[in-house]
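The structure appears below as structure tokens.
Here is how names work: the chains are called A, B, and so on, in the same order as the sequence lines, proteins then strands, and each is numbered from 1. All values derive from a computational prediction rather than experimental measurement.
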Protein chains: 2
Amino acid sequence: MCSSTPRNSRTGRPRSTEADTAILEATRAALVDLGWSKLTMGDVAGRAGVAKTTLYRRWANKNELVVDAVAVLFDELELPDLGSLQADIEHVVLQFAALLERPETKTALMAVVAESTRDAPLRERIRASIVDRQKRLVLAGRRRAQQRGELPADRDPVAVDATDDLIFDVIAGAVVHRALVSAEPVDGEWVARLSALLVGGLGAVAALG
Amino acid sequence: MCSSTPRNSRTGRPRSTEADTAILEATRAALVDLGWSKLTMGDVAGRAGVAKTTLYRRWANKNELVVDAVAVLFDELELPDLGSLQADIEHVVLQFAALLERPETKTALMAVVAESTRDAPLRERIRASIVDRQKRLVLAGRRRAQQRGELPADRDPVAVDATDDLIFDVIAGAVVHRALVSAEPVDGEWVARLSALLVGGLGAVAALG
DNA sequence: GAGTTACGCTACGACCTGTAGCGAAAGGCT
DNA sequence: AGCCTTTCGCTACAGGTCGTAGCGTAACTC
């Protein structure tokens, strides 16, 4: 979770887990109040009731701290079985959109992704703690649709992986773009169109082999 | 183009257009060398052979400067008639992906979008100088496909607008997400799948009315 | 108790921001 | 030509942030 190796030594004073949670909570609060660019390490330390040096013992910089602070929010995403592929898609898209509407994620997600274009460790951290967690929803949704008979069983595993990747990038990308770039609401109507596009297009993609 | 009102007064010393181009060029060079976060106004001024105060007379801050510096790159996008909707889509997607591969845009685009979540004027600037220019390609591609008979003629203009918006967010969002978040190549195979998904799904979306 | 590690605190140099003031340069106007 | 206006480069500056170092103290293990 933290950046520096917590040094599994059993000797010495242990790190305060209360400080951990207080710092992450303070980081989210600072994101809400100040946004990404005006958030400072000193401010977070003050909100958390913690010395600034304590932050730097755990996280190397602002980027990694914010990734950890925001990552837990993505654990809220779930994929309940609503009976049809289209209903499952619409539900998870609305969940994801609601998450992006929160001011913490809104200002932080794009910023850390932008930073990650020049920071490979940060990119890996984002992938492990945010991206992969979302991707599991795509895999689960596909398997469930296959069990229902809405989608054909797997033939070429390589093609299946490629299609999973595609669907993930399309859903996540479209929602992020709609919410943050176009800055227009992800409402029921838009989601219905998106899911119709996906369900209708999946057959054509499967035909590629 | 510039942030401050250039004061259309014809009296006084005119602003140096050479300085304008030198600054924007220096900004792109600095983005390549330093990336978004380490780019400073002083560094750009030095590269451009211009005083730092000259930058602040034209742009209020780093965000607006970078938007203008990157915006011109999006003018390169074109939509030649390749004979079919799918071919047109694939071509423009590959063009867009090539643009996102450039280090200037890669590091800058997401950063300014992240900043725009808390800065309405910046968001409007991005929309006018970057987003709308891309959106025209979607409108042109749809009209051309309708002329070919690949898509039905317009019936409900509201639904047409909504579908245009959807397609735009799906294409741009998916490419950005693939290139910057998933950090995997936008190659011919991926593009073929994406365009197949779109062409196959458009019929289902049109059926919604 | 001895050893080890984390903590809070202070101080610090380095850097970036954005502005102010100055004299000089480059145009338009009469 | 001379005057007016605006921009230019330059320097200096206050304010804020970064990330680190050093210190004494607190907490936990053996």
Once you round it to whole Å, what is the distance between [atom2] of [N] and [atom1] of [X]?
X	N	atom1	atom2	value
B:Y56	C:dC16	OH	P	11 Å
B:K52	D:dA14	NZ	P	14 Å
A:K62	D:dC18	NZ	P	7 Å
B:D43	C:dT17	CG	P	9 Å
A:I23	C:dA6	CD1	P	13 Å
B:W36	C:dC16	CH2	C1'	14 Å
A:R57	D:dA21	CZ	P	12 Å
B:L39	C:dC15	CG	P	17 Å

Given [options], which nucleotide is nearest the side-chain atoms of [X]?
X	options	value
B:R13	C:dG8, D:dA26, C:dA25	C:dA25
A:T53	C:dT10, C:dA20, C:dG27	C:dT10
A:M41	C:dC16, D:dC18, D:dT11	D:dC18

Review point. Strictly by modelled atom types, are A:R143 and A:Q147 linked by a side-chain donor-acceptor pair under 3.5 Å?
Key: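 Judged by distance alone, the side chains do not pair up.
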
Check your understanding: NA contact type, A:S16, heavy-atom cut-off 4.0 Å: base, sugar-phosphate, or nothing?
Key ->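 Result for A:S16 = sugar-phosphate.
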
Review point. Between A:T54 and C:dG8, is there a side-chain N or O to OP1/OP2 distance below 4.0 Å?
Key: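 Yes, A:T54 has a side-chain N/O under 4.0 Å of OP1/OP2 on C:dG8.
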
Exercise for review: Look at A:R15 and C:dA6 and indicate whether a side-chain polar atom (N or O) is within less than 4.0 Å of OP1 or OP2.
Suggested key: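 Yes, A:R15 has a side-chain N/O under 4.0 Å of OP1/OP2 on C:dA6.
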
Exercise for review: With rounding to the nearest 0.5 Å, note down the distance linking CG in B:L197 to CG in A:L197.
Suggested key: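 So the CG of B:L197 and the CG of A:L197 are separated by 5.5 Å.
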
Point to revise | Salt bridge B:D33-B:R47, side-chain N to carboxylate O under 4.0 Å | key: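 Here B:D33 pairs with B:R47 in a salt bridge, since their nearest N and O are under 4.0 Å apart.
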
Practice item. Map B:G49 and B:G12 onto DNA chain D by nearest heavy atom, then report which one ends up closer to the 5' terminus. Key: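 Nearest nucleotide further toward 5': that of B:G12.
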
Check your understanding: Are the side chain of B:D169 and the backbone of A:A174 linked by a donor-acceptor contact shorter than 3.5 Å?
Key ->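 Between the backbone of A:A174 and the side chain of B:D169 there is no qualifying donor-acceptor contact (under 3.5 Å).
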
Point to revise | Under 3.5 Å: donor-acceptor pair, side chain of B:T107, backbone of B:P103 | key: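 Looks like no, no N/O pair under 3.5 Å.
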
